[in-house]
Amino acid sequence: MKSMHQRGGTWAVLFIAAAIGGASMTAYANEQERQEILGRIQQVVTKPEAYKAAIVAGKERSVLCGYCHGVDGNSTKPDIPNLAGQNPAYLLQQVEKFADGRRINFVMQNLAKEFTMEDKVNLSLYYASQKVRQEEADAELAAKGRELFSHTCQRCHGIDGHGEEGYARIAGQRQQYVQTTLKRFRENARNKKANLSVDEVKRSNESMEMYTQFLSDDDIEALAAHIATLRPASL
């Protein structure tokens with residue numbers, strides 16, 4: 001299967017426009033951030049030559065990122081997310097969050113602060129153009145997670161896990177990463193409800209915390225297995 005840049009600028013523009021076109025403000029801090037992020041991406045993808053150049057530049061700039069996230073955006077470590085095939089506007093937003101401290105990770109924060117806006121756009125488009133390699137998941141466990149997914153995750157991430165209204169594409173994501181992330185959101189919610197300070201909150205999201213607070217470890221394991229079996233969008 002060819003990647004977006006191999007299939008030409010027109011297909012790339014259509015694919016990315018579909019991914020970001022319905023982005024809602026609920027996925028962003030405010031309307032200004034939403035407009036700026038979507039505008040940055042659209043400025044490039046609507047110009048075939050600029051898009052091709054961004055892919056090349058993004059690949060060159062991704063050398064340090066590749067140590068954890070893989071050369072092509074497929075993670076080299078089970079607790080690190082795949083970036084391949086991700087919504088480019090979502091990727092750009094996350095890098096911005098690391099840069100301004102809304103997300104906490106020593107390595108990512110320091111890298112993000114060094115990136116120019118052009119670097120961030122190029123990296124987001126490069127990783128979005130890559131194909132996700134799925135890992136195997138236990139079929140019985142995934143079946144248990146399917147119903148949970150329909151009640152817990154589908155509203156924002158879509159029935160196929162491709163992301164709705166600007167939310168992350170989670171289809172085919174690494175299972176350990178999904179489990180770690182869901183447990184982190186769950187603990188954030190529980191600590192807040194107990195009026196305790198959350199020690200080193202690495203990321204916070206009210207919707208995610210609301211939906212994860214009542215999940216058991218078994219629930220989370222089943223959800224992660226189901227998510228791993230969802231097929232990412234064909235590129």
Answer with yes or no whether the hydrophobic clustering places Phe106 together with Phe115; edges join I, L, V, M, F, W, Y residues whose side-chain heavy atoms lie under 4.5 Å apart. yes
Linking I/L/V/M/F/W/Y whenever their side-chain heavy atoms sit closer than 4.5 Å, directly or via other members, would Leu38 and Leu125 fall into one cluster? yes
Can Leu215 and Leu148 be said to form a side-chain contact (heavy atoms from CB on, under 4.5 Å), step by step? CA-CA 10 Å; Leu215 294 177; Leu148 263 175; 4.2 Å; yes
Non-hydrogen atoms of [X] and [Y] that approach each other most closely:
X      : Y      : answer
Thr46  : Pro48  : O-CD, 3.7 Å
Ala137 : Ala225 : CB-O, 3.5 Å
Ile159 : Leu230 : O-CD2, 4.4 Å

Quick one: list whatever passes side-chain contact (heavy atoms from CB on, under 4.5 Å) with [X], sequence neighbours left out.
X      : value
Lys144 : Glu140, Ala222
Leu64  : Leu111
Ala112 : Val95, Phe98, Ala99
Thr76  : none

Can you name the side chain to side chain donor-acceptor pair (under 3.5 Å) partners of [X], sequence neighbours left out?
X      : result
Lys120 : Glu96
Glu221 : none
Gln109 : none
Arg133 : Asp72

Test of understanding: with salt bridge (Lys or Arg N to Asp or Glu O under 4.0 Å), list the residues that count as partners of [X], not counting sequence neighbours.
X      : answer
Arg186 : Asp217
Arg169 : none
Glu118 : none

Atom CD of Gln35: over 12 foreign heavy atoms under 6.0 Å: yes
Once rounded to the nearest 0.5 Å, what's the spacing between atom [atom1] of [X] and atom [atom2] of [Y]?
X      : Y      : atom1 : atom2 : value
Arg190 : Glu209 : CZ    : CD    : 12.0 Å
Leu83  : Tyr90  : CG    : OH    : 10.0 Å
Arg102 : Ser204 : CZ    : OG    : 12.0 Å
Ser62  : Leu123 : OG    : CG    : 6.5 Å
Ile37  : Gln42  : CD1   : CD    : 12.0 Å
Gln154 : Asp160 : CD    : CG    : 9.0 Å

Is the backbone N or O of [Y] less than 3.5 Å from a side-chain atom of [X], with the two atoms forming a donor-acceptor pair by type?
X      : Y      : result
Thr229 : His226 : yes
Asn74  : Gly70  : no
Gln173 : Asn82  : yes
His157 : Ala168 : yes
Ser129 : Tyr126 : yes
Asn105 : Val107 : yes

Tell me, with the steps shown, if Lys47 and Tyr51 meet side-chain contact (heavy atoms from CB on, under 4.5 Å). CA-CA 6 Å; Lys47 301 173 184 177; Tyr51 173 74; over 6 Å; no
Any chance you could lay out the side-chain contact (heavy atoms from CB on, under 4.5 Å) test for Asp219 and Phe214, step after step, and finish with the verdict? CA-CA 9 Å; Asp219 291 336; Phe214 301 114; over 6 Å; no
Could you go through the side-chain contact (heavy atoms from CB on, under 4.5 Å) check for Gln213 and Met210 one step at a time? CA-CA 6 Å; Gln213 61 182 308; Met210 177 179 68; 4.2 Å; yes
Would Gln179 and Gln175 count as a side-chain hydrogen bond (donor to acceptor under 3.5 Å, both in side chains) here? Give the steps. CA-CA 6 Å; Gln179 291 183 43; Gln175 291 176 74; 5.2 Å; no
I'd like to check the ring pair (Phe, Tyr, Trp, His ring centres under 6.0 Å) partners of Tyr211; sequence neighbours left out, ordered by chain and number. none
